[in-house]
Amino acid sequence: MLQEMRYIENELLPMLRERAPAFEENAKKQLRQWNGEKGICSLLLHVTDLPEAERLPVYDDYEIHYDPEKMFVNEFRAALSTALADGDGVPSVRANVGCAALCTLYGGLKQSFFHDKMPWLLKHLSPEEVREITLDSLEESEEFKTGLEQMRFMKKMLEGTGVQVFPMDLQGPIDMAHRFMGDEFFYSLYDDPELVFKALEMSLTAEIYGMEKCLEIIAPEEYVCHYNGLVLPADKPLKVSEDTSTLLSAEHLETFMRPYTERLLEHFGGGYIHYCGNNQHLLEMMPTFQRSIGLNFGNPERHDPALVLKNLAGVGKCYYGSFPGLSAAGQAKLARQEDGRYNSFVVAETGRKDQERVLEEFREAVQ
């Protein structure tokens with residue numbers, strides 16, 4: 001056993017068990033906001049300079065994949081920033097196995113691991129391999145099995161603490177098809193659309209299988225956690241990444257992206273959509289997804305917060321995240337609708353000495 005695991009078990013976990021009822025109240029508050037209750041605006045606060053976290057080491061991106069305790073320590077250390085803050089977040093951890101882990105369910109694909117960055121697929125499937133693969137040939141890879149075991153380990157360790165386990169990274173069907181095919185994906189959009197559709201069917205099948213396995217372990221009753229702070233209703237449990245979609249034309253978004261993302265959301269009941277980068281066509285599509293309940297940007301600096309919040313409010317959807325240059329209080333004011341509803345889950349980072357000021361300013365803005 002790692003030395004720091006004794007510190008976690010003997011000192012930190014008992015402390016979190018005492019705070020667990022507060023996390024449950026935070027979850028209920030977030031669910032009330034998702035349900036459109038008036039006067040509710042959740043602040044997902046992260047405190048960055050905690051002595052409890054500083055006592056824990058940080059393991060690199062290579063070694064955590066071969067040691068469940070090291071994976072747990074890294075994730076737990078990050079979760080403390082929410083667990084020991086006084087905001088409305090619910091701390092959570094995940095098996096951080098890489099955004100292509102679900103791709104390894106087909107074709108014998110394997111991710112490469114690195115000390116200084118997240119795992120990545122360096123080898124892809126050839127067009128011939130994509131054509132020959134049958135959807136029912138899906139098989140659990142060692143990488144995927146390891147991720148499931150890490151989730152089980154984390155859940156057992158955190159029992160009674162209120163710290164939740166959330167699903168492995170879920171890329172949207174477009175992103176997964178891109179990973180299956182590599183850059184051949186972009187040529188095939190024009191030269192061989194049927195090949196793209198086949199890769200998208202593989203993506204959807206792997207995503208449904210992988211998420212169902214994750215949810216079996218999580219066994220949610222009312223909510224599913226995401227990214228150390230956010231809570232989603234159990235009947236709308238997904239975060240869907242659409243990063244590759246930012247590189248597509250409006251026509252290709254409608255032809256390839258929309259139907260498969262809609263099918264994924266429909267299968268699980270719904271969730272929110274995330275993407276990095278910027279694409280005006282994609283942004284304009286976001287409010288139109290029937291099963292999506294929210295939006296998150298990886299590059300919020302590329303977007304106008306007032307415009308984004310206004311467009312989402314018009315269709316009853318929420319934004320989750322922060323905007324550069326906009327305080328937590330300022331974002332809350334922008335998110336307030338005429339009927340008293342707030343359509344943003346505000347994320348903020350602060351040091352311990354500034355936490356009370358941020359909280360007070362936020363409360364005043366909401367009141």
Inset, instruction - I would like to know whether Y66 and F113 meet ring pair (Phe, Tyr, Trp, His ring centres under 6.0 Å); could you show each step before the answer? - result: CA-CA 10 Å; Y66 301 97; F113 299 98; 5.8 Å; yes
Inset, instruction - Using the ring pair (Phe, Tyr, Trp, His ring centres under 6.0 Å) rule, take F186 and H178 through it: C-alpha gap first, then chi angles, then the decisive distance, then the call. - result: CA-CA 8 Å; F186 296 105; H178 181 196; 4.8 Å; yes
Inset, instruction - Check the pair Y190 / H252 against ring pair (Phe, Tyr, Trp, His ring centres under 6.0 Å), numbers first and verdict last. - result: CA-CA 9 Å; Y190 299 89; H252 286 151; 4.8 Å; yes
Legend entry - Chi angles and distances behind the side chain to side chain donor-acceptor pair (under 3.5 Å) call for Y209, E140: CA-CA 10 Å; Y209 183 90; E140 288 192 9; 2.5 Å; yes
Legend entry - T288 vs R258, side chain to side chain donor-acceptor pair (under 3.5 Å): CA-CA, chis, key distance, verdict: CA-CA 10 Å; T288 68; R258 180 190 291 278; 3.1 Å; yes
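Counting only N and O atoms by type, the side chains of E361 and S327 include no donor and acceptor under 3.5 Å apart. Side-chain contact annotation: Q33 with N35, donor-acceptor N/O pair under 3.5 Å absent. For the 3.5 Å distance criterion, the side chains of E24 and Y223 qualify, holding a donor opposite an acceptor. There is a side-chain donor-acceptor pair under 3.5 Å between E212 and H267. No donor-acceptor contact under 3.5 angstrom links the side chains of D175 and S241, judged on distance only. In this structure, a donor-acceptor pair under 3.5 Å is present between the side chains of Y260 and E201. Using modelled atom types and a 3.5 Å distance limit, the side chains of Q111 and E143 yield a donor-acceptor pair.
Here the straight-line distance linking atom CZ of R263 with atom CD1 of I208 works out to 7.5 Å at 0.5 Å rounding. Put simply, CG on N96 and CG on D169 are 8.0 Å apart, with the number rounded to the nearest 0.5 Å. Atoms CG and CZ, on L195 and R131 in that order, are 5.0 Å from each other to the nearest 0.5 Å. Note that CG of L248 is 7.5 Å distant from CG of N279, once rounded to the nearest 0.5 Å. In this structure, the separation between SG on C103 and CG on L121 is 5.5 Å, given to the nearest 0.5 Å. Rounded to the nearest 0.5 angstrom, Q30 CD and C318 SG are separated by 10.5 Å.
Hydrophobic clustering, with ILVMFWY side chains joined whenever heavy atoms are under 4.5 angstrom apart, keeps L230 apart from L309. Placement of L232 and L312 in two distinct hydrophobic clusters is found when ILVMFWY residues are connected by side-chain heavy-atom separations under 4.5 Å, directly or transitively. There is a path of hydrophobic side-chain contacts, each under 4.5 Å, that joins L102 to Y106. Following chains of ILVMFWY side-chain contacts shorter than 4.5 Å, one can reach M1 starting from Y7, so the two form part of one hydrophobic cluster. Each of I64 and V58 belongs to its own hydrophobic cluster when Ile, Leu, Val, Met, Phe, Trp and Tyr are linked at side-chain heavy-atom distances under 4.5 angstrom.
For N299 (side chain) and E301 (main-chain N/O), no donor-acceptor pair under 3.5 Å exists by modelled atom type. Put simply, the side chain of E75 gets close to the backbone of R94: a donor and an acceptor are under 3.5 Å apart. Using a distance-only test at 3.5 Å, with no hydrogens or angles considered, a donor-acceptor pair links the side chain of E63 to the main chain of D60. Distance alone, capped at 3.5 Å, is enough to place a donor-acceptor pair between the Q331 side chain and the G321 backbone. Looking at D243, its side chain does come within 3.5 Å of a backbone N or O of C276 through a donor-acceptor pair. Between the side chain of K117 and the backbone N or O of D61, no donor-acceptor pair lies under 3.5 Å. With hydrogens and angles disregarded, a donor-acceptor distance shorter than 3.5 Å links the side chain of H226 to the backbone of P237. Listed for the S137 side chain is a donor-acceptor partner under 3.5 Å among the backbone atoms of T134. Side-chain atoms of H124 come within 3.5 Å of backbone atoms of R179 as a donor-acceptor pair (strictly under, hydrogens ignored). A distance-only check finds a donor-acceptor pair linking the side chain of N228 to the backbone of A78 [under 3.5 Å].
Residues satisfying the ring pair (Phe, Tyr, Trp, His ring centres under 6.0 Å) criterion with F76, sequence neighbours excluded, are F72. Residues passing the side chain to side chain contact (heavy atoms under 4.5 Å, CB included) test with K38 are D339, R341, sequence neighbours excluded.
The minimum heavy-atom distance between L43 and A328, with the atom names listed, is CD1-CB, 3.9 Å. When all heavy atoms are compared, the tightest approach of G87 to N26 is O-ND2, 3.3 Å.
At a threshold of 4.5 Å between non-hydrogen side-chain atoms, the residues M181 and S126 do not count as touching. Here the side chains of P173 and L264 are in contact, with some heavy-atom distance below 4.5 Å. Proximity of V240 to H274: side-chain heavy atoms (C-beta onward) are nowhere separated by under 4.5 Å. Between M154 and M71 the shortest side-chain heavy-atom distance falls below 4.5 Å. Residues D88 and L45 have side chains not in contact (no heavy-atom distance under 4.5 Å, counting atoms from C-beta outward).
Listed by first and then second residue, the ring pair (Phe, Tyr, Trp, His ring centres under 6.0 Å) pairs involving residues 316-335 are Y272-Y320, F297-Y319, Y319-F323 (not counting sequence neighbours).
Taking the six-membered ring wherever Trp is involved, the centroid distance between the rings of F345 and W34 falls below 6.0 Å.
Exactly one of R19, R352, R357, R363 qualifies for a salt bridge (charged side-chain N to carboxylate O under 4.0 Å, His left out) with D86. That residue is R19.
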